[in-house]
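Worth knowing before you read on, the calculation uses all heavy atoms, side chains too, and leaves out hydrogens, waters and symmetry mates. Along the sequence shown, the residues carry numbers beginning at 1. First listed ligand is number 1; within each ligand, the first listed atom is number 1.
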Amino acid sequence: MAREFTSVGVVGLGTMGAGIVEVFARNGIDVVAVEISAAAVERGRATLTGSTDRAVAKGKLAEADRDALLARVDWQVGLDALHSVDLVIEAVPEHLDLKQRIFAELDRVCKPEAILATNTSSLSVTEISVATTRPNQVIGIHFFNPAPVMKLVEVVRTVVTSADVVADVEALCERLGKVDVTISDRAGFIANALLFGYLNHAVSMFESRYATREDIDAAMKLGCGLPMGPLALMDLIGLDTAYEILDTMYRRGGRDRRHAPVPLIKQMVTAGLLGRKSGRGFYTYERPGSPVVVPDEHTPVTTGGALADGARAIAKVGIVGSGTMATGIIEVFAKAGYEVISVTRGAEKSAKVCEAVKTSLNKGVVRGKLSEEDRDAALGRVTWSATLDHLADVDLVVEAVIEELSVKKALFASLDEICKPGVVLATTTSSLPVIDVAMATQRPADVIGLHFFNPAPIMPLVEIVQTIRTSGETSATARAVCAALGKTGVVCGDRSGFIVNALLFPYLNDAVKMLEASYSTADDIDYAMKLGCGYPMGPFELLDVVGLDVSLAIQRELYLELREPGFAPAPLLEHLVTAGYLGRKSGRGFRDHTKR
Ligand SMILES: NC(=O)c1ccc[n+]([C@@H]2O[C@H](COP(=O)([O-])OP(=O)(O)OC[C@H]3O[C@@H](n4cnc5c(N)ncnc54)[C@H](O)[C@@H]3O)[C@@H](O)[C@H]2O)c1
């Protein structure tokens, strides 16, 4: 029989503590909520009231239930109030000495059978536990932010945590409607170990002005379907907390440079820019604690798609290639009203592409997303050709041929001879340096990357890749075109992986390394990222969809260009590819797809 928890204590009512109080009180458990001062108690109480009031306003919580919930919370200053609770969860700032002091005090105050839990994200639960005389009753219960919403709880057992304490806590998580994964005491556990390298890398992109905050966040939301971008997430976590987590992970996790906090984070913490909780972090918020972002001096001025900054007028677009991307891009431009000339390597290929575009447009009609007239008009805008000479008078060329530098360079050299002056020449490459392609022409200022995502008609993101030779006019034109296509164009520099792949693939590679180290299972790691961080797919699900060979190739490119030791491809990934386990397309990757 699992132990009955009738009352619990929560220590520290900041970003996490206030949410944890809500989780317990919502599930009928009495909570003693403890802070360091009366003012801090008031802040915690205001957070809980605000959150439950919002739930009532949204119709997710009845008024009477809210009142009952609030009545279950006993607000107190000082740990002495915790003498009779069955379990305490500590959620004070991420400092080992502070946590150890609190645990020593809790050990003195709490009844002998009480379980003492920490919500630490990165510190050693074992080191915290030895500050007490009951380390076998100390455990990590790591909730995710916001605690009332995120389903995951990481239950962290140390080498001395007793088995029945683990079982009791697992049963409690179930009662709270959470999904738990039980793991051992390693820096960052599952989710943060995979998340924080990515967050830190995103901050370094921002710090080096590789891309703007809006573009970095939009890229990861729209390119990967994440619920929020990395910089907005840093603001939600709190920059002070994020700094401490990174710092601890760097020290405890093998001094991986990717966890060494980017200097900007420390500067922002020192300047009091802590994120949402202080009203300003990477973004500016309506007021401290508010989730509402308000414009500030860094907010870009939108032109509403109007031609800006010397953008050239584009009416006629050439699209070169006959693969999946070219087909999708033809549809995108034709639907948006551009006159399109598709160039392939032969009439047979053109016929196939034309068929594929028709099929896709027809699907739109069947789904009620496109009228028959609009479909016919879109098709009517496309001319099918097998010779590049027909691109002599287009305003923009989008190249989407095979991902081989020699082929692309030869094509751009031909375009340079054929196209009229002032044409924007764009490549859709996802991994080659755009500058190499640009230098195959005599007009590198007119060359830019337009990295569409697959399937192009559906994915809302385009990465606009500027080389060091791309002119402002070319870039402005590319931005205006993306806006006219109804896509979000994000501007970045010409570095391996651009924004999305550079941030995504090292994280996937880290997940493989975690599996390889037998820290957790593929299922639990997938759960952790989906339920703890709101990712639409776990890393192993995604790797199997993308293809392990493709993932390995991208990871190799990143490693070769950036020489970051942490980016070295996971040996397990290489072995699986060698063994022909490429993911869904070959029937087996991290999972066996032939049985499902
Ligand atoms: N922020 C996140 O996204 C997140 C997610 C999961 C876990 N965590 C972990 O949760 C813990 C708390 O982080 P946070 O982001 O909520 O921090 P926070 O700074 O928002 O809140 C900490 C609170 O603890 C209070 N406090 C400080 N000393 C205290 C004491 N002696 N007694 C009682 N209260 C005290 C502070 O007044 C403050 O209100 C950390 O260990 C952190 O790593 C954070």
Side-chain angles (χ1 to χ4, degrees), residues 9-23 32-48 51 75-82 88-106 109 117-125 127-128 131 140-156 178 187-193 195-196 199 227-228 230 232-249 252 269 272 274-279 281 288-289 291 528 531-534:
V10 177
V11 182
L13 308 173
T15 307
M16 289 309 293
I20 296 170
V21 170
E22 180 173 339
V23 171
V32 182
V34 171
E35 257 290 354
I36 199 166
S37 66
V41 163
E42 271 325 300
R43 270 202 308 276
R45 193 205 297 263
T47 307
L48 180 64
S51 169
W75 305 93
Q76 296 287 345
V77 174
L79 301 177
D80 286 338
L82 299 168
V88 177
I89 298 192
E90 160 280 312
V92 303
E94 192 79 342
H95 297 292
L96 183 61
D97 51 343
L98 172 65
K99 296 207 191 248
Q100 284 184 324
R101 253 188 293 126
I102 288 186
F103 271 72
E105 187 67 11
L106 288 172
V109 168
T118 172
N119 184 49
T120 183
S121 307
S122 58
L123 294 168
S124 162
V125 179
E127 282 184 58
I128 295 171
I141 305 184
H142 184 231
F143 285 88
F144 285 76
N145 189 1
V149 179
M150 301 315 285
K151 277 233 165 267
L152 185 76
V153 174
E154 287 174 327
V155 175
V156 186
K178 301 288 184 193
F189 315 128
I190 298 177
N192 285 349
L195 189 67
F196 272 83
L199 293 177
M228 57 198 324
L233 179 55
M234 286 289 286
D235 276 358
L236 175 69
I237 291 168
L239 269 74
D240 49 346
T241 301
Y243 177 85
E244 294 302 334
I245 293 173
L246 280 166
D247 190 50
T248 315
M249 289 199 18
R252 282 187 70 206
V269 171
L274 305 184
R276 277 192 198 182
K277 62 182 160 192
S278 71
L531 304 176
C533 306

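For the side-chain contact (heavy atoms from CB on, under 4.5 Å) with Tyr243, the lone residue among Leu246, Asp247, Ile245 that qualifies is Asp247.
Regarding atom 19 (O) of ligand 1, its nearest protein heavy-atom neighbour is Lys277 NZ, 3.3 Å. Atom 3 (O) of ligand 1 has as its closest protein heavy atom Asn145 ND2, 3.0 Å. Ranking the protein heavy atoms by distance from atom 21 (O) of ligand 1 puts Gly14 CA, 3.2 Å first. The protein heavy-atom contact nearest to atom 15 (O) of ligand 1 is Thr241 OG1, 3.2 Å. Nearest protein neighbour of atom 4 (C) of ligand 1, counting heavy atoms only, is Met16 CG, 3.2 Å. When hydrogens are left out, the protein atom nearest atom 33 (C) of ligand 1 is Val11 CG1, 3.6 Å; that is the closest non-hydrogen contact. Atom 10 (O) of ligand 1 has as its closest protein heavy atom Asn119 ND2, 2.9 Å. Looking only at protein heavy atoms, the nearest one to atom 38 (C) of ligand 1 is Glu35 OE2, 3.4 Å.
A distance-only check finds a donor-acceptor pair linking the side chain of Glu90 to the backbone of Val92 [under 3.5 Å]. In this structure, the side chain of Lys178 does not engage the main chain of Glu154 through any donor-acceptor pair within 3.5 Å. Looking only at distances, no side-chain donor or acceptor of Thr248 sits under 3.5 Å from a matching main-chain atom of Leu123.
Counting only heavy atoms from C-beta outward, the side chains of Ser122 and Glu244 never approach each other to under 4.5 Å. By the 4.5 Å heavy-atom criterion applied to side chains, Glu35 and Trp75 are not counted as neighbours. For the pair Thr118/Phe103, a side-chain contact is recorded, criterion being any heavy-atom separation below 4.5 Å from C-beta on.
Atoms of ligand 1 lying under 4.0 Å from at least one heavy atom of Glu94, given by number and element, are 40 (C), 41 (O), 42 (C), 43 (O). Near Ser121, meaning under 4.0 Å from any of its heavy atoms, are these atoms of ligand 1: 6 (C), 7 (C), 8 (N), 9 (C), 42 (C), 43 (O), 44 (C). Near Thr120, with a cut-off below 4.0 Å to any heavy atom, the atoms of ligand 1 are 41 (O). The His142 neighbourhood of ligand 1 comprises atoms 6 (C), 7 (C), with distances under 4.0 Å to a heavy atom of that residue.
Considering backbone and side-chain atoms alike, Phe144 places every N or O at 3.5 Å or more from each N or O of ligand 1.
Within the structure, ligand 1 has Pro93 among the residues with a heavy atom less than 4.0 angstrom away. No heavy atom of Glu244 sits closer than 4.0 Å to any atom of ligand 1.
Closest heavy-atom contact between Gly78 and Val34: O-CG1, 3.3 Å. Of all non-hydrogen atoms in Glu105 and Leu79, the two that sit nearest each other are CG-CD1, 3.3 Å.
By the criterion of a heavy-atom distance under 4.0 Å, the backbone of Phe143, and not its side chain, is placed next to ligand 1. In Ile102, the part holding a heavy atom less than 4.0 Å from any atom of ligand 1 is the side chain. In Val92, the parts holding a heavy atom less than 4.0 Å from any atom of ligand 1 are both the side chain and the backbone.
Note that CD1 of Ile237 and CG of Leu195 are 5.5 Å apart. Values are rounded to the nearest 0.5 Å. Rounded to the nearest 0.5 angstrom, His142 NE2 and Ile190 CD1 are separated by 11.5 Å. Atom NZ of Lys99 sits about 4.5 Å away from atom OG1 of Thr120, to the nearest 0.5 Å.
For atom 28 (N) of ligand 1, the choice among Val41, Ile141, Ile20, Ile36 with the nearest heavy atom turns out to be Ile36.
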